[in-house]
J.: 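Can you keep this structure in mind? I'll have questions shortly.
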Amino acid sequence: MARLDQGPPHYEQMLPPIIKENYGKWRYHEIPRPGVLKHVSETGAELYSIRVGSPRLVSIEFVRDLCDLADKFCDGHLRFTARHNVEFLLGDASKVEPLIAALTEKGLPVGGTGASISNVVHTQGWVHCHTPATDASGVVKSVMDDLHDYFEEMKLPAKLKIGLACCLNMCGAAHCSDIAIVGVHRTPPRINDEKIQKGTEIPSLVASCPTGAIRPNPKAKSVIVNEDKCMYCGNCYTMSPGMEIMDPKNDGCAILVGGKTSNARTAPSFSRMVIPFLPNNPPRWPEVTEAIRNIIDVWAANARQGERVGEWIERIGWERFFTLTGIPFSDKLIDDYIFSRETFRTSAAFKF
Amino acid sequence: MARLDQGPPHYEQMLPPIIKENYGKWRYHEIPRPGVLKHVSETGAELYSIRVGSPRLVSIEFVRDLCDLADKFCDGHLRFTARHNVEFLLGDASKVEPLIAALTEKGLPVGGTGASISNVVHTQGWVHCHTPATDASGVVKSVMDDLHDYFEEMKLPAKLKIGLACCLNMCGAAHCSDIAIVGVHRTPPRINDEKIQKGTEIPSLVASCPTGAIRPNPKAKSVIVNEDKCMYCGNCYTMSPGMEIMDPKNDGCAILVGGKTSNARTAPSFSRMVIPFLPNNPPRWPEVTEAIRNIIDVWAANARQGERVGEWIERIGWERFFTLTGIPFSDKLIDDYIFSRETFRTSAAFKF
Amino acid sequence: MADLIVNGQAIPLDEDGFLEDTELWNEEVAKALALTEDVPELTEEHWKVINYLRDYFAKFGVAPMVRKLCKDTGCDLKTIYELFPSGPAKGACKIAGLLKPTGCV
Amino acid sequence: MADLIVNGQAIPLDEDGFLEDTELWNEEVAKALALTEDVPELTEEHWKVINYLRDYFAKFGVAPMVRKLCKDTGCDLKTIYELFPSGPAKGACKIAGLLKPTGCV
Amino acid sequence: MTEKRTPKLDELQKGKWPSFVTEMKRAAVKSPAAAELVQLLEKSYEERKGHWKHGGIVGVKGYGGGVIGRYTDVPEEFPNLAEFHTMRLNQPAGWFYNTKSLRDLCDIWEKHGSGLTNFHGSTGDIIMLGMTTEHIQPAFDEFSEAGFDLGGSGSDLRTPSCCVGPARCEHACYDTLEACHDITNEFQDELHRPMWPYKFKIKFSGCANDCTASIARSDCSVIGTWRDTLRIDQNEVKAYVEAGLDIQAAVCDKCPTRALKFDYKNNELNVIPEDCSRCMHCINVMPKAIQPGKEKGATILLGGKSTIVQSAFMAWVIVPFMKMEGDYEEFKDLMRRIWEWWDENGKTRERIGETIYRLGMGKFLREVGLPPVPQMVFRPRANPYVFWPQDEIEK
Amino acid sequence: MTEKRTPKLDELQKGKWPSFVTEMKRAAVKSPAAAELVQLLEKSYEERKGHWKHGGIVGVKGYGGGVIGRYTDVPEEFPNLAEFHTMRLNQPAGWFYNTKSLRDLCDIWEKHGSGLTNFHGSTGDIIMLGMTTEHIQPAFDEFSEAGFDLGGSGSDLRTPSCCVGPARCEHACYDTLEACHDITNEFQDELHRPMWPYKFKIKFSGCANDCTASIARSDCSVIGTWRDTLRIDQNEVKAYVEAGLDIQAAVCDKCPTRALKFDYKNNELNVIPEDCSRCMHCINVMPKAIQPGKEKGATILLGGKSTIVQSAFMAWVIVPFMKMEGDYEEFKDLMRRIWEWWDENGKTRERIGETIYRLGMGKFLREVGLPPVPQMVFRPRANPYVFWPQDEIEK
Ligand code: SRM
Ligand code: SRM
Ligand code: SRM
Ligand code: SRM
Ligand code: SF4
Ligand code: SF4
Ligand code: SF4
Ligand code: SF4
Ligand code: SF4
Ligand code: SF4
Ligand code: SF4
Ligand code: SF4
């Protein structure tokens with residue numbers, strides 16, 4: 001029988017000796033080359049971390065491969081990052097290049113540090129979830145293939161963090177990313193009375209709709225949707241299998257930009273929608289990859305050194321962002337939900 | 001019988017000749033001394049405007065006095081400003097000083113231009129309205145007596161606009177003023193069933209409450225207030241005489257600061273509450289005048305040249321504003337209404 | 001305000017000349033109220049408006065918005081003012097014996 | 001999932017082992033369901049919880065929040081898990097024949 | 001009534017700022033109502049509460065608004081205040097007067113009212129404060145004779161107002177007085193005969209300094225601007241430098257878009273045209289050297305209002321640039337479309353800004369026929385809750 | 001099942017970024033379920049829709065969460081996916097592993113599951129992707145044996161996570177790993193037995209760079225900071241100057257509070273202590289020269305969550321400074337008070353941020369016993385709708 005409530009394994013047993021010895025004693029770091037962080041301790045010790053891109057959805061064989069490398073080069077230790085990259089930890093500078101060579105041989109990219117794009121935080125998509133409006137891993141793979149240079153080199157104005165969520169539940173927490181790809185539905189749920197009768201708490205279902213579009217239909221022991229009020233958030237589907245929201249023809253991706261979470265310089269900020277819809281076009285989502293490349297290229301060409309996407313846009317103004325990128329503006333991009341008021345331009349000062 | 005729909009008199013018949021001649025031709029202006037604007041036309045013509053403080057609530061004798069002066073010095077023309085000051089318009093520079101002398105003799109202050117305080121935009125108060133939480137003219141007189149120097153000289157960091165509204169209907173539109181004085185109630189309405197029965201559309205009354213605190217009381221053909229939900233806005237009183245909201249013991253003034261409406265430099269902004277309540281202490285409202293003087297003094301001592309109150313505070317941070325002014329912070333000052341979210345500090349960067 | 005005298009009966013009015021007690025309204029009262037609002041005679045057209053107002057009020061407990069009044073009675077605003085010189089609120093609602101419109105002044 | 005056999009009758013369950021048709025619930029069914037959830041016997045304590053859940057559901061159409069369940073039955077969460085090892089949702093609600101809790105997972 | 005003492009109010013006759021109490025007492029000399037008002041106010045000062053009854057609905061023939069009914073709640077004590085209504089009169093555009101007109105107003109008011117007045121009310125009207133019901137129609141007849149008409153009240157258009165504009169200001173980007181006058185006259189029906197869900201205010205400011213505070217105080221705010229580039233006179237720039245102005249600090253560093261570059265060597269100031277947001281700051285500081293561009297017009301903003309009920313709203317951009325010329329037909333037509341939409345969609349006592357907030361800008365723009373542009377927002381939406389008109393997608 | 005072609009997915013085995021399709025195919029070699037998953041996904045790519053049924057409620061004994069039930073909607077076609085649940089396992093703090101543990105996990109998962117996994121899920125757990133109902137309990141028993149426990153799901157505490165912190169970062173202002181580990185262990189009951197209105201996430205970042213993105217992704221965000229003044233090493237400043245860094249442009253001009261003054265003459269950099277908001281920017285650019293102060297601790301922020309339902313909220317300051325030391329009792333106690341309040345006041349499926357938004361910060365602060373300070377807001381309220389607890393005023 002399992003031991004209940006033992007909690008996670010203690011991190012100490014996971015740390016390589018060099019970290020144990022210098023825990024809390026790090027003084028500064030440098031980035032000797034893309035994908036390699038060099039941290040220097042008060043004690044003079046030097047730690048090299050080699051950051052490696054991962055598809056995140058991996059087989060145990062992949063994990064075993066990582067273990068083999070860690071055993072060979074890193075005394076059996078490694079870590080993963082907050083963005084699902086792998087980091088190999090080396091006390092010995094001379095092992096850096098051999099390890100990188102070994103990684104390259106395996107087709108694993110080294111990069112993601114400094115002014116580069118890091119891995120895309122993302123979600124399950126069609127691989128494992130019940131409500132996606134797009135796939136996750138496939139879109140990410142397409143985007144990262146396209147942006148591969150930006151991962152392996154540090155030639156962007158600043159860090160670039162892309163997030164993807166396959167539905168508005170936003171498990172990728174993409175809402176504060178430099179660029180967010182969000183799966184969106186565009187048609188109201190189709191009601192399956194039978195499923196609702198069988199398995200749904202109607203009061204909870206009615207309460208779940210943020211716009212009050214759902215009302216009970218006592219006759220059918222089901223509900224009715226006022227389609228004019230629905231904005232396809234899918235929250236009702238989360239509450240009930242009878243609210244069929246997936247619609248292959250009309251599901252797709254929205255693109256939001258300009259979010260960040262660090263407090264450095266400017267306050268954390270939400271990503272803002274700039275493209276309300278792009279079609280799902282598997283396996284390579286060309287519309288999505290192109291849209292993202294365009295935004296990144298324009299940012300890279302125009303931003304000042306150290307300016308995150310959102311900082312750049314806030315400096316030049318969103319109206320200019322649309323001009324520079326050539327992305328069409330539309331009424332879809334104007335907020336009409338609870339906190340819309342703060343987005344309205346209550347000022348006569350703007351750029352043409 | 002009256003001529004219906006004739007509209008206001010045509011402005012042309014009200015303009016002095018020098019203005020007619022130079023209409024649309026003004027090139028620039030200077031402020032030769034406080035209270036005097038000198039506008040220079042393309043044609044070379046020079047117009048002097050002498051700005052005079054008015055109590056706004058005046059007798060026809062006052063208006064006749066103004067007319068006498070205008071006839072004597074200004075060929076029978078004058079204007080009022082957007083803030084209820086009087087402006088005498090002179091084509092002849094030599095008349096400026098004599099006019100000022102005549103005004104001074106009458107006890108009328110000349111000033112309000114440039115980096116000074118102008119007149120207080122305000123409302124009716126106890127003089128003529130049915131829902132005030134404070135008086136208007138009396139508070140204004142007390143404040144302006146206290147700040148008189150700042151009207152007659154230009155020694156502030158920037159323009160200073162004070163607004164007063166005697167209830168939350170905000171007829172003084174004080175919500176975007178450098179400093180706003182707002183009459184506030186602090187107790188829920190006392191219901192007078194009889195008055196409601198007689199004269200109130202119950203559905204409209206119920207709908208008027210922004211927090212949904214009012215529900216019908218069919219038995220009494222009246223309504224019931226959920227006092228826990230009430231925030232004393234008084235909107236229900238506007239709808240019905242039966243919702244008695246005036247409460248001499250608990251009515252008083254709140255102070256808000258930092259609003260502006262011009263688009264110069266920074267976008268127009270709302271005033272923000274810094275003192276939730278000061279008592280009504282007629283005839284001179286010492287608590288109010290002191291609070292305002294304190295704020296102005298601290299601003300004057302700390303702001304950079306050209307910085308409006310709100311611009312100064314936004315630069316130094318609101319947390320610093322409270323430290324510098326010594327005004328206590330309290331939970332009352334934290335928004336808890338519809339648009340509260342945007343006011344929460346969603347950042348780890350702040351000053352202690 | 002002075003009481004309204006209808007068939008020798010005194011019907012109390014408030015300061016604005018609205019019925020103190022709307023229950024006391026009847027057609028005779030309407031005619032008497034009309035005189036206070038410069039409406040010498042209540043024509044069919046007037047009654048159409050009055051009846052509409054009363055029905056609406058009975059149903060919803062409030063006076064209709066002006067646009068609705070115009071749409072539903074087919075009288076445009078000009079006509080309403082011809083019929084009731086002080087307009088829909090002070091004129092028509094008063095004569096129709098509705099509650100005094102409050103609020104938006 | 002395989003049907004539940006109660007008194008020789010087959011009662012259909014969904015994949016999660018909840019009743020396909022909650023109308024088919026009765027005490028016997030509850031006992032059979034209990035076995036699928038590692039509850040060998042339904043004690044008085046169990047019934048208190050089950051009855052509370054059913055009453056609440058009948059009244060409001062939803063399952064109560066866990067805090068409410070604990071407060072109203074006087075069983076703290078520990079006790080609930082002792083009674084129903086898979087907890088209030090998968091354990092107690094299933095046995096009580098409520099609708100499958102959705103949403104928050 | 002016997003003369004009573006007013007110790008509290010007397011305090012307010014002291015001090016340097018001109019005293020409204022003194023003014024009330026001046027009116028009291030001729031008007032018994034004004035005399036009682038002084039007493040009533042003293043009573044309010046003692047009791048710390050107002051003494052006016054709720055509401056009141058009075059008016060003139062042919063109009064639905066313009067007079068505010070007021071009755072004291074202590075008529076026994078103050079019989080002359082039993083009826084004490086306010087009449088709102090349209091001010092002339094820009095608040096300019098000749099003394100003849102002003103004296104006419106005074107004379108009529110002496111005859112029919114309390115002799116107390118506000119120059120002006122905070123919406124902009126001339127406020128004639130305090131008259132009996134009986135005097136309403138005759139007073140109006142005489143004001144009308146003198147060339148004045150009633151202002152708005154109730155759910156109608158309120159008297160529009162405008163800044164001094166081209167009459168005395170070098171910044172004016174359109175003729176605010178003419179626009180205000182012409183448009184006020186066009187919408188007489190809307191002004192005098194309430195017909196909407198609620199009130200509607202329009203204010204005209206000649207430039208982004210917004211001297212009528214229109215963005216905060218009016219449902220529709222018309223703010224002068226230009227479409228090309230501001231004009232810089234380099235000779236005058238040099239003159240400012242000589243006069244000691246620190247152009248870098250006082251002008252360039254405060255330019256919100258950092259669109260100004262000062263060249264120290266040559267004492268030249270240049271603007272990056274596409275970056276300037278026309279905020280007026282540099283022009284304010286250096287009016288001799290910098291002027292608006294030549295292609296002038298206005299930005300139209302919508303939705304301003306103060307606190308009650310849903311919070312204060314500032315007006316926001318709905319048309320970035322509109323010529324304000326000729327018969328203003330483009331503007332008038334827009335107003336009509338907006339009112340039509342509001343009237344169709346608004347709830348009772350819901351300002352246009354609140355209606356749009358409730359129903360969404362998208363719906364508003366589509367139905368009123370305004371093209372969406374990024375100038376309407378500070379930034380696009382953060383939530384992904386896009387409403388797709390179902391006819392825009394293929395099903 | 002016969003081997004089917006997957007032309008669409010095969011496309012995703014091309015390109016430089018490592019391919020998840022390749023990974024799925026690797027797992028498919030040993031796992032029939034994984035093999036079917038490849039086919040199912042190809043089907044989804046053809047049809048542009050997912051093929052998983054709604055919901056699912058499965059679990060282990062003694063816990064109310066930690067396993068996500070999943071069933072395909074085409075079980076006839078893909079019998080091995082008829083049941084295909086996910087198990088969430090707590091990661092070790094900082095996502096550090098020794099290869100022994102990792103290999104153990106792999107071995108167990110080879111035995112009981114599909115051989116597919118996410119390192120890591122976006123909350124931070126190890127995600128074991130795809131297993132039958134039957135295997136749930138035995139798999140858990142073995143994971144437990146190997147030292148791993150389940151993560152959260154449902155209305156409970158989710159596995160807290162933390163940045164690499166003192167283990168490898170010079171900026172860490174508190175021990176994020178220890179805090180995360182200790183606090184996770186303290187709240188095992190809350191993590192494993194759902195009892196609240198909705199989920200609750202905690203993330204620990206060692207400084208304001210917030211490398212766990214906690215402010216956006218967690219109900220409670222714990223961000224390292226200091227209370228005194230940052231420390232500047234002037235020798236290192238000079239070294240940066242020599243190395244060619246333009247300190248004025250890259251550091252001072254980008255300081256949000258303009259708290260840094262660079263002295264060109266002496267190549268010295270100084271800070272105005274009371275102006276610094278500890279945003280980390282200058283430290284990021286010059287880590288050798290600038291360090292956080294000595295009096296370290298954390299800012300506690302509350303209310304973060306993403307889009308559904310009322311819009312995304314970022315967490316906001318509720319405690320400007322708290323020591324994060326010893327047994328973290330101050331923090332734990334605060335959490336308990338907050339949860340108690342939320343549990344008492346929250347509606348079903350309402351995140352703490354939404355509950356506070358609905359009921360007001362004032363009520364929350366009063367009832368949880370937190371002193372209101374201006375650091376909690378960017379700016380005070382603009383509306384005057386103050387709610388006065390009626391016992392605070394004299395009636
Ligand atoms: C390894 C990791 C922490 C972990 O526990 O896993 C980490 C590590 C470091 N971060 Fe980070 N950050 C990590 C996720 C983040 C995140 C969260 C995220 O990406 O989801 C953020 C906030 C993102 C945002 O703002 O949207 C983040 C915002 C920063 C920043 C602030 C950047 C900015 O200027 O806005 C810095 C400072 C800097 O780079 O100058 C920073 C700095 C650093 C430093 C330099 C800290 C140090 O001295 O060791 C580390 C190397 C950075 C690099 O890659 O160039 N780290 N860092 C995470 C690596 C993720 C990855 O694989 O790419
Ligand atoms: C596995 C994971 C995505 C991933 O691929 O990494 C995930 C997967 C699901 N999430 Fe999530 N969420 C995951 C992290 C998140 C995050 C991000 C985070 O924690 O940083 C968020 C947004 C942040 C937040 O909490 O607000 C998130 C917000 C949601 C929501 C919306 C909750 C809300 O309050 O708005 C739901 C819907 C719900 O709970 O009913 C949801 C629901 C779900 C469900 C259980 C679908 C459902 O409604 O039943 C998904 C199961 C997918 C599957 O079949 O495997 N998931 N979910 C993440 C958990 C992994 C882990 O434990 O490490
Ligand atoms: C006369 C008047 C217009 C009218 O039609 O009546 C007016 C006249 C001028 N304004 Fe104004 N403004 C007038 C109300 C306003 C208002 C509205 C208000 O106060 O309610 C504002 C917006 C207030 C706000 O932002 O909260 C206003 C914001 C400005 C500004 C921008 C100030 C700033 O930097 O924020 C300027 C530019 C400047 O002064 O540099 C300006 C500039 C001017 C100039 C210099 C324009 C000119 O070249 O002639 C005029 C003399 C200003 C002075 O007094 O120093 N005027 N001005 C108004 C005088 C009111 C009074 O009696 O004090
Ligand atoms: C006279 C005046 C105040 C003054 O002393 O100047 C005034 C006086 C009244 N206003 Fe006002 N408002 C006056 C300008 C304003 C303004 C300022 C403005 O127009 O720039 C506002 C705020 C701006 C706005 O429109 O949002 C204003 C917002 C209100 C409101 C709230 C409306 C709202 O939508 O939130 C009410 C309540 C109502 O309409 O029911 C109101 C209602 C009233 C009433 C009629 C009281 C009532 O509810 O019956 C007041 C009559 C006082 C009296 O007995 O004389 N008054 N009112 C102003 C009109 C003078 C004029 O015509 O020139
Ligand atoms: S974002 Fe939506 S579809 Fe994607 S994993 Fe989360 S709940 Fe599932
Ligand atoms: S999709 Fe969202 S908006 Fe539409 S009915 Fe469902 S819950 Fe309501
Ligand atoms: S602010 Fe209130 S009390 Fe004052 S005049 Fe306006 S409605 Fe009357
Ligand atoms: S005062 Fe305002 S909040 Fe209170 S009951 Fe009246 S309308 Fe509602
Ligand atoms: S708004 Fe502009 S044009 Fe009008 S008076 Fe003010 S500065 Fe002049
Ligand atoms: S008008 Fe404003 S934005 Fe334009 S250049 Fe001048 S200061 Fe800058
Ligand atoms: S949050 Fe701060 S302490 Fe933690 S890893 Fe990032 S930079 Fe280092
Ligand atoms: S930490 Fe940020 S605010 Fe403080 S001095 Fe450095 S850059 Fe400025």
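All values reported here derive from a predicted model rather than from experimental measurement. To find a chain, count down the sequence lines: A is the first, B the second, and so on, and within it residues start at 1.
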J.: I want to know whether A:Phe62 and F:Phe119 have ring centres closer than 6.0 Å.
T.: no

J.: Within the structure provided, determine whether F:Arg168 and A:Leu37 are in side-chain contact (heavy-atom separation under 4.5 Å).
T.: yes

J.: Please determine whether a side-chain nitrogen of the Lys or Arg among A:Glu152 and F:Lys16 lies less than 4.0 Å from a carboxylate oxygen of the Asp or Glu.
T.: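 F:Lys16 and A:Glu152: not salt-bridged.
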
J.: side-chain contact (heavy atoms from CB on, under 4.5 Å) with F:Trp17: which of A:Leu108, A:Asn119, A:Val143, A:Asp146?
T.: A:Asn119

J.: Which residues pass the ring-ring contact (aromatic ring centres under 6.0 Å, His included) test with F:Trp52, sequence neighbours left out?
T.: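 F:Trp52 satisfies ring-ring contact (aromatic ring centres under 6.0 Å, His included) with A:His128, F:Phe84 once adjacent residues are dropped.
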
J.: Any side-chain heavy atom of A:Leu15 sitting closer than 4.5 Å to one from F:Asn98?
T.: no

J.: Using 4.0 Å as the upper bound for N to carboxylate O, is an ion pair formed by A:Asp71 and F:Arg103?
T.: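 A salt bridge is present here (some side-chain N lies under 4.0 Å from a carboxylate O).
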
J.: How about A:Arg284 and F:Leu12: do any of their side-chain heavy atoms sit closer than 4.5 Å?
T.: yes

J.: Can we say F:Asp210 and A:Lys260 salt-bridge, meaning some charged N sits less than 4.0 Å from an Asp/Glu carboxylate O?
T.: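 Looking at F:Asp210 and A:Lys260, the cut-off is not met.
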
J.: Would you say the ring centers of A:His77 and F:Tyr97 fall short of 6.0 Å from each other?
T.: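 Not under 6.0 Å, so no.
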
J.: Salt bridge check, A:Glu244 against F:Lys49: does any charged N sit closer than 4.0 Å to a carboxylate O?
T.: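 A:Glu244 and F:Lys49: not salt-bridged.
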
J.: For the aromatic rings, using the six-membered ring if either is Trp, is the centroid distance between F:Phe20 and A:Trp126 under 6.0 Å?
T.: no

J.: Less than 4.0 Å between a side-chain N and a carboxylate O, is that true for A:Asp5 and F:Arg193?
T.: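 So F:Arg193 pairs with A:Asp5 through a salt bridge.
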
